[in-house]
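Below, chains carry the letters A, B, ... as their sequence lines are ordered, and counting in each starts from 1.
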Amino acid sequence: MPIPRPDLQGDRVIAHVDMDCFYVQVEQRKQPKLRGSPTAVVQYNDWKGGALIAVSYEARKFGVKRSMRGAEAEMVCPNIQLVQVPVARGKADLNAYRSAGSEVVSILSTKGRCERASIDEVYLDLTDAAESMLSETPPEALEDIDEEALKSHVLGLSGDEDREKNAQRWFIRSDAIHQDKLLACGAIIVAHLRGEVLKETEFTCSAGIAHNKMLAKLASGMHKPAQQTIVPSSAVKDLLASLPVKKMKQLGGKLGSSLQNDLGVNTVGDLLKYSEEKLQERYGFNTGTWLWNIARGISGDEVKGRVLTKSHGCGKTFPGPRALKTTAAVESWLNQLCEELSERIQLDMDQNKRVAHTLTLHARAFKTSDVEPHKKFPSKSCPLRYGINKIQEDAKKLFEAGLREFLGSHINAWRVTSLSISAGKILDTPRTSSISRFFQGKSLSSAISDASNDDIQDDAPSSSIGCKENIVPESDEDEVFAHGKSVKEDDAPSKDRKIDVLCTQSRKQKDKGNGSILRFFSGIKTSAKLASNAPSSRSESHKVQDQRDHQEECVVDDHSRLGTISNQQRDDSWKFNAEDIDPSVIDELPPEIQREVRGWICSSKRAKTTKQGSSIFHYFSTDDNA
DNA sequence: ACGGGTCGGACC
DNA sequence: TGGTCCGAC
């Protein structure tokens, strides 16, 4: 699982920021009277008082732990305040925590590359900011330095008496090595950011500052809550020497157990005894090298610039007697899950201009009269279509396909103990200079949800799920394009505006038969009609569109009717599917382009690749503002 | 009858 | 790829 990355760049400044008992803080902000008293967040309190998923530091003093039941917590801490996770559609609703996490990220992402590692954790690469500070305003006197930064814990400082004094001296050491000075700057930046977070969100957090993610993560947990810890290189060896392997990220599971049980490695330092080859032999090449490196505090793992999640999922378990026994029960719960999922991907689209492309269903099930004892319910996925009903419909088909495979040819009673669906392959929709401009009177979001209006029932043969085929049925293009009211009203393109080409990157041109050029021309056909009875002024929303900082072309996607927009500029050719182009579309083009297009329609039965420099390419790729 | 609900990543 | 498994919070 872990993979070694050589730390090419040696002196990075990496921070890991971890919110303190985050769910509790979110609830305390909502309900300030809870502040200061022992508090825990539980979900579902009907069975033994619910399961604790976050515990305040006041409550921890009483020995309250995560994974206790509410009832247990009350035994060890009678005054504990138990707050329930909101429930929506019969399941836990974590949206409040997700959006609180986003508040934090929006502050933390201002000083450098930011990776959202979980709902309440981020990594920051502050190398550039720290270098700048060091060269412009290096910390030379205590007065220069944020008070919070001076409270940092600096690992490896010898002084046992006054920790804070030592830390302060460390900050302003003029003879410190460059690496340490960078860390000091990083710590000052982090202290400032934490102050901003507190001011703007009322949340406290803890942080670790080090030269790589692994050490930063380790450090952020060392002094909590609301404190920060610095790991100078000089402290790494001693730190790891006594660190139990299980404390290291990635070693909390089977791999860590194996190190202990099979190699007798109890601390990370113990790993130093093993050669890289030995570790590779035992755990495989990648893992072996990775282990060898982390024993030395080496990790080149980079901070990904990613503040948004890569997928959205929701699920629910149905333990013991609650296990679902009928397809009706399964469908009913799937519908609830799909509603939530739909809401979330819709929000993602509205807020972030992103579109999800695959829908995946997971389930756990067992057979009551089991012949094959431990067969797993297979997960299934299909292209994702926007719209609650479509998602529900597709999820149902995915479940049916999975169930058939799960049951095989036997006639068996079954129980489902968990269900989850997720939306993945989420791609940015770069700003539109393409066909979607014709429809930009409305948001991308409404365009897509309109495109998946549920009044038209499409019937995909459910058998197609098991196969490699797309279960998404083709629907009438007019369904998309018919929704033109805002286009007509206030945002129709002017007649002379360049009709943008719709195309896909050639490397993505795997869609067979339903190439996007086809949709493009269908689109032009309709939009040209709309355009012809529209006012000729550029609309307000076009200007807004133009300001989006994404770039380049827009493409109608395979999975949603009006969806994916992909970057083109780097491609030197576009591949067009020339099938089924309505001649009236071509009439809209300038004469010389018309001739060109008619030419390649005649000459090619299926597809045509135009190279950069061709007149068609030039025409369609030229900015209409030019 | 399970820490539940979600995530990310690697592997085949 | 899709599907599975692992690890994490």
Pair A:Phe399 + A:Phe406: ring centers closer than 6.0 Å: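 Not under 6.0 Å, so no.
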Aromatic ring proximity A:Phe377/A:Trp414, centre distance under 6.0 Å: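 Centroid distance A:Phe377-A:Trp414: not below 6.0 Å, so no.
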Are the side chain of [X] and the backbone N or O of [Y] linked by a donor-acceptor pair below 3.5 Å?
X        : Y        : value
A:Ser220 : A:Lys217 : yes
A:Gln228 : A:Ile209 : no
A:Arg194 : A:Cys205 : yes

Does a nitrogen or oxygen in the side chain of [X] sit under 4.0 Å from OP1 or OP2 of [N]?
X        : N     : value
A:Lys316 : B:dT6 : no
A:Ser422 : B:dC7 : no
A:Ser311 : B:dG8 : yes
A:Arg116 : B:dG8 : no
A:Arg98  : B:dT6 : yes
A:Thr309 : B:dT6 : no
A:Lys249 : C:dA8 : no
A:Lys380 : C:dG3 : yes
A:Ser381 : C:dG3 : yes

Just the rounded figure in Å: distance from [atom2] of [N] to [atom1] of [X].
X        : N      : atom1 : atom2 : answer
A:Tyr283 : B:dC11 : OH    : C1'   : 18 Å
A:Glu115 : B:dG9  : CD    : C1'   : 11 Å
A:Lys217 : B:dG8  : NZ    : P     : 15 Å
A:Phe22  : B:dG5  : CZ    : C1'   : 16 Å
A:Glu121 : C:dA8  : CD    : C1'   : 8 Å
A:Trp290 : B:dG9  : CH2   : P     : 15 Å
A:Lys376 : C:dC5  : NZ    : C1'   : 8 Å
A:Tyr123 : B:dG8  : OH    : P     : 14 Å

A:Arg60 charged N/C atom sitting above A:Tyr57 aromatic ring, 6.0 Å / 45°: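 Geometry flag: set, cation within 6.0 Å and 45°.
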Lys/Arg cation over aromatic A:Tyr44: A:Lys316, 6.0 Å, 45° cone: yes
Taking the side chain of [X] as its heavy atoms from C-beta onward, which of [options] lies nearest to it?
X        : options              : answer
A:Asn286 : B:dG9, C:dC6, B:dC11 : B:dC11
A:Lys425 : C:dG2, B:dG5, B:dG3  : C:dG2
A:Arg344 : C:dC6, B:dG3, B:dT6  : B:dT6
A:Arg69  : B:dA1, B:dG5, B:dG3  : B:dG3
A:Ala92  : B:dA1, B:dC7, B:dG5  : B:dG5
A:Lys310 : C:dC6, B:dG8, C:dC9  : B:dG8

5' precedence on DNA chain B between A:Arg322 and A:Glu340 (nearest-nucleotide basis):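 Whichever sits nearer the 5' end wins; that is A:Arg322.
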Pairwise 5' ranking along DNA chain B for A:Tyr23 and A:Ala117, keeping only the more 5' one: A:Tyr23
If you look at every strand shown and take non-hydrogen atoms under 4.0 Å, does [X] touch a base, only sugar-phosphate, or nothing?
X        : value
A:Arg364 : nothing
A:Met248 : sugar-phosphate
A:Lys65  : nothing
A:Tyr44  : sugar-phosphate
A:Lys48  : nothing

Gap in Å between the two P atoms, one belonging to B:dA1 and one to C:dC9, rounded: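 Approximately 26 Å lies between the P atom of B:dA1 and that of C:dC9.
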